[in-house]
Amino acid sequence: MQAPEAIAQRIERRLAELDAQGLRRKLKPPSGIDLSSNDYLGLARDPRVAKAMSDAALREGAGSTGSRLLRGERDCFRQIEERFAQFKDAERSLYFSSGYLANLAVLTTVAEEGDVIFSDSLNHASLIDGARLSKASRAIFPHNDVDALRRMLDETPAGAAKFVVVESIFSMDGDEAPLTEYAQLCRDRGASLIVDEAHAIGIYGKRGSGLMEATGITDQVLVSINTAGKALGVSGAFVAGDGNTIEYLLQRARPFIFSTAAVPSVAAAIDTALDIVEQEPDRRARLLVLARRLRHHLRMPGDSQIVPVHIGENQRAVAVAEKLQAEGFDVRAVRPPTVPAGTARLRVSINEGLSEAIIDQFADSLEKALSS
């Protein structure tokens with residue numbers, strides 16, 4: 001079936017606009033040295049994780065066959081949720097088949113009409129969409145600006161429930177949210193703090209449970225959202241928090257109720273990944289050492305494994321990425337709408353499987369690509 005002529009012409013115009021702006025994207029499989037994935041600890045291809053998943057698939061089958069409130073529930077989901085809650089030092093957790101669904105679920109369920117969601121201006125698209133779909137009002141505060149958030153909270157009418165929503169490690173800039181200050185501010189102003197730990201889980205904190213652990217604010221957060229498809233190397237996401245809040249999500253969150261449950265074998269893979277995170281802390285220590293090494297080359301502060309190389313113009317970002325890809329480095333250009341207009345960049349992602357020599361070679365090639 002073809003689209004009506006008017007719709008077909010509109011789509012054609014929109015695609016032409018993307019081409020003119022250098023914003024049309026292409027699907028491209030992995031090739032070369034990984035400097036673009038979120039597999040920070042190398043667990044996605046770890047034989048132990050893969051074997052746990054394959055063995056579980058033989059036991060549990062290839063699919064869940066329905067939503068978890070129907071026939072899709074399995075003991076393995078309950079067990080991995082209990083384990084993850086302990087890992088996160090929370091009363092309870094609930095597993096979703098993607099981080100996107102988890103964020104939509106939290107913000108469209110917990111926040112209600114008359115409430116206000118305060119969202120960092122650089123929050124991930126899933127948090128933005130969750131806030132938009134919520135019946136609550138939205139207030140966007142400047143990135144990591146505690147003072148601006150304080151003023152906005154103080155200007156909120158009395159009686160409105162307030163939710164402050166941030167990432168702990170921001171996905172495109174790799175910088176940390178001032179979680180300690182946010183936690184104090186929420187206590188003082190009667191707001192609830194919601195933290196997306198997508199890029200911190202498995203890496204930060206003594207046990208690797210995230211930046212909330214590292215900053216000591218775990219008991220001051222309403223819920224955290226923790227993806228299993230990045231440092232943990234598998235897929236899906238856990239929402240962790242107090243028992244009643246998680247029970248409420250199970251009962252009322254539409255992305256949970258109306259989604260087919262994940263493939264059951266992911267639970268065994270996540271369980272093994274958590275074993276590795278807890279038993280092999282050298283992995284995350286090495287990851288941050290390598291990240292600091294590249295940041296030193298680029299004269300960039302911090303130690304996050306996400307290293308942004310800001311370029312600005314869309315076509316130039318693509319051209320620089322292509323030069324590096326030709327030298328065997330799989331790094332990708334990130335352009336609007338993923339990042340704000342005029343801030344196209346390379347989003348370099350470090351993983352613990354890289355060597356110091358590769359980091360040095362990449363830094364040298366990057367400098368040449370940027371100067372040519």
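Basis for what follows: all heavy atoms, side chains included, without hydrogens, waters or symmetry-related copies.
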Taking [Y]'s backbone N and O only, do any of them form a donor-acceptor pair with [X]'s side chain (distance below 3.5 Å, no angle check)?
X      : Y      : value
Ser209 : Gly205 : no
Asn144 : Glu176 : yes
Arg335 : Gly22  : yes
Asp196 : Val166 : no
Arg332 : Val318 : no
Arg286 : Glu352 : yes
Arg252 : Val110 : no

Is it the case that the side chains of [Y] and [X] hold a donor-acceptor pair, with the cut-off being a distance below 3.5 Å and no angle test?
X      : Y      : result
Tyr40  : His199 : yes
Lys88  : Thr218 : no
Ser265 : Glu60  : no
Thr343 : Arg345 : yes
Asp275 : Thr272 : no
Asp188 : Gln184 : yes
Asp39  : Ser37  : no
Glu247 : Gln251 : yes

Does the distance from a Lys or Arg side-chain N to an Asp or Glu carboxylate O, for [X] and [Y], drop under 4.0 Å?
X      : Y      : answer
Glu82  : Arg78  : yes
Arg48  : Glu280 : yes
Arg151 : Asp147 : no
Arg293 : Asp360 : yes
Asp55  : Lys51  : yes
Asp271 : Arg83  : yes
Glu81  : Arg68  : yes
Lys162 : Asp115 : no

Within a 6.0 Å radius of atom [atom1] on [X], are there more than 12 heavy atoms belonging to other residues, nucleotides or ligands?
X      : atom1 : result
Glu367 : CD    : no
Arg45  : CZ    : no
Arg25  : CZ    : yes
His296 : NE2   : no
Glu12  : CD    : no

Distance in Å, [X] [atom1] paired with [Y] [atom2], rounded so as to fall on 0.5 Å steps:
X      : Y      : atom1 : atom2 : value
Leu127 : Leu122 : CG    : CG    : 12.0 Å
Leu274 : Phe84  : CG    : CZ    : 6.5 Å
Arg132 : Thr108 : CZ    : OG1   : 14.5 Å
Leu232 : Ile276 : CG    : CD1   : 10.0 Å
Asp89  : Glu213 : CG    : CD    : 8.5 Å
Gln305 : Leu287 : CD    : CG    : 5.5 Å

[X] side chain near [Y] side chain, heavy-atom distance below 4.5 Å:
X      : Y      : value
Leu354 : Leu35  : yes
Ser171 : Glu167 : yes
Arg92  : Leu250 : yes
Val165 : Asp120 : no
Glu197 : Leu211 : yes

_Is the ring pair Phe170/His143 parallel, tilted or perpendicular, if the boundaries are 30 and 60 degrees?_
perpendicular
*If the plane angle is over 60° it's perpendicular, under 30° parallel, otherwise tilted; pick one for Tyr100 and His124.*
perpendicular
*Passes side-chain hydrogen bond (donor to acceptor under 3.5 Å, both in side chains), Asp129 versus Ser126? Steps please.*
CA-CA 5 Å; Asp129 288 353; Ser126 57; over 6 Å; no
Testing the basics here: between [X] and [Y], what is the closest heavy-atom pair and its distance to 0.1 Å?
X      : Y      : value
Phe77  : Pro264 : CZ-CA, 3.8 Å
Pro178 : Val146 : CG-CG2, 3.6 Å
Ala90  : Ala240 : CB-CB, 3.9 Å
Ala291 : Asp303 : CB-O, 3.5 Å
Ala105 : Phe96  : CB-CE2, 3.5 Å

_Quick check on the 6.0 Å ring-centre criterion: do Phe163 and Phe118 meet it?_
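So the answer is no for these two rings.
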